[in-house]
2 protein chains.
Amino acid sequence: MSTYHHGDLRAALLRAAGKRLEKQGIAALSLRGAARRAGVSHNAPYRHFADREALLAALAAEGFHLLGQELDKASGREMGEAYVRFALQHPQRFRLMFGGRIALDKHPQLRAAASSAFDQLQAAFSGYVLDARTAAAAAWSLVHGLSHLILDGHFEQRDEEFVKRVLGAVRFAVGPQRSA
Amino acid sequence: MSTYHHGDLRAALLRAAGKRLEKQGIAALSLRGAARRAGVSHNAPYRHFADREALLAALAAEGFHLLGQELDKASGREMGEAYVRFALQHPQRFRLMFGGRIALDKHPQLRAAASSAFDQLQAAFSGYVLDARTAAAAAWSLVHGLSHLILDGHFEQRDEEFVKRVLGAVRFAVGPQRSA
DNA sequence: ACCTGAACACCGTTCAAGT
DNA sequence: ACCTGAACACCGTTCAAGT
């Protein structure tokens, strides 16, 4: 047995850190801890991650890919609800993705993963609104802010019903309801 | 001279930490560092803050009070722009206030300061919409999400013009434009 | 290439002690 | 009450060394 890590130490570290993330929160993430849990010396992770932030960036990238898959499954107006649902189901992951702990400039793969998810939101607006970019920015802001504020505990409610009501209270002025 | 700290060590620590916050970011905040800069032993801060999180909570509370003042100055529809402006002018403070680093449950003064600011946003909707709470939640989500996404660098633009265009793209369906 | 142990400079936090 | 120094258990990161 004695889990050897051949080429997959990187994967093992991500698995260990990902587990710890949702259970203990971002602050509990450490390179030394991940190494310990993967059964290697505290120094081995540096072969795969330049520093702690690189580990966080990799975990965040996983999150963006997962979010993209969830948005893919939803269509049109349900995408907003899917976005909020993702945040509520993976609170720590969501915070990691959007908490400003990672400098996007230094991690191009992360920026790519993020804007890919944004593109999907934007696509939902293409073709039927005048200024799709602006409408998409507003829609993203809405769902993103709602997610964050719920996670931070600033609303009394956090059920699906509440989310739908808030999202339903908004119309996009540049949208089709104007030319209709 | 030799700055004695009589009763104001707390204030001195907050001043030192606040300075460091905007310059170096949240991760650079430490009780030991604040003590060093205030000229006391690394242990003195514990007389005024139970732990590191209590220091962060106090800094965040300052931020909520400041945000409240800015919202006070603005009226009605300008409050949204004022909110985003506050975030862009105090990025690290804003992240501290909303980054999920502080457990609101353990710091009631912080929760109070936060919901006081929210009340101001909500007041802007009272009396002229059917469901003021829902509309206010949507409006807060919109400006909050926009602020965060701009800070995280997810939009190419971040000028006032862009902010106005995004905020202007939204109508609140429960608002007066329906019954009008 | 991949992994190791030793070392350095930082933390938060606790404790016993001083005034 | 307020402050101190010593101590403990953690970090991230670097370095010289092993296979």
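The chains referred to below are lettered A, B, ... by the order of the sequence lines, with proteins before strands, and numbering in each begins at 1. Everything numeric in this text was worked out from a predicted model, so none of it was measured.
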How long is the line joining [atom1] of [X] and [atom2] of [N], in whole Å?
X     : N      : atom1 : atom2 : value
A:R32 : C:dA6  : CZ    : C1'   : 11 Å
A:L55 : D:dC11 : CG    : C1'   : 14 Å
B:H48 : C:dT13 : NE2   : C1'   : 18 Å
B:L13 : D:dC3  : CG    : C1'   : 13 Å
A:L31 : C:dC11 : CG    : C1'   : 16 Å
A:F49 : D:dG12 : CZ    : P     : 13 Å

ask   = Does the A:R111 side chain pair with the main chain of A:K106, one donor and one acceptor, at a distance under 3.5 Å?
value = no
When you get a sec, tell me which of [options] is the closest nucleotide to the side chain of [X]?
X     : options               : value
B:V40 : D:dT4, C:dG5, D:dC11  : D:dT4
A:D51 : D:dT13, D:dC3, C:dT4  : D:dT13
A:R52 : D:dG12, C:dC3, C:dG12 : D:dG12

Quick check on [N]: is either OP1 or OP2 less than 4.0 Å from any side-chain nitrogen or oxygen of [X]?
X     : N      : answer
A:R36 : D:dC11 : yes
B:S41 : D:dC3  : no
A:Y46 : D:dT14 : no

Minimum heavy-atom distance [X]-[Y], with the two atoms named:
X      : Y      : result
A:R93  : A:L59  : NH1-O, 2.8 Å
B:I102 : B:A60  : CD1-CB, 3.8 Å
B:A114 : A:H154 : CB-CE1, 3.6 Å

request  = Convert the base pairs of DNA chain C into dot-bracket notation, remembering that pairs crossing earlier ones are written with [ ] and that bases paired across to another strand are shown as |; include only Watson-Crick or G-U pairs under 3.5 Å.
outcome  = ||.|||||...|||||.||
task = Indicate the ring-plane relationship of B:F94 and B:F86, choosing parallel, tilted or perpendicular according to the 30° and 60° boundaries.
result =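 Plane angle over 60°, so perpendicular.
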Does any non-hydrogen side-chain atom of [Y] lie less than 4.5 Å from one of [X]?
X      : Y      : value
B:M79  : B:L121 : yes
B:R95  : B:D152 : yes
A:R165 : B:R133 : no
A:T134 : B:F162 : no

query = Aromatic ring centroids of A:F98 and A:F64 under 6.0 Å?
reply = yes
inquiry  = Quick check on the 6.0 Å ring-centre criterion: do B:F118 and B:H144 meet it?
reply    = no
message = What residues from residues 19-28 of chain A pass a heavy-atom cutoff of under 4.0 Å to DNA chain D?
response = none
query = Is there a salt bridge (Lys or Arg N to Asp or Glu O under 4.0 Å) between B:E161 and B:K164 once you walk through the steps?
reply = CA-CA 5 Å; B:E161 170 60 29; B:K164 281 188 185 172; over 6 Å; no
With 3.5 Å as the limit, what N/O pairs link the protein to nucleotides 15-19 of chain D?
{"unit_1": "D:dC15", "atom_1": "N4", "unit_2": "A:N43", "atom_2": "ND2", "d": "2.8"}

inquiry  = Taking the nucleotide of DNA chain C with the nearest heavy atom to each, does B:S30 or A:H42 sit closer to the 5' end?
reply    =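 Final value for this comparison: A:H42.
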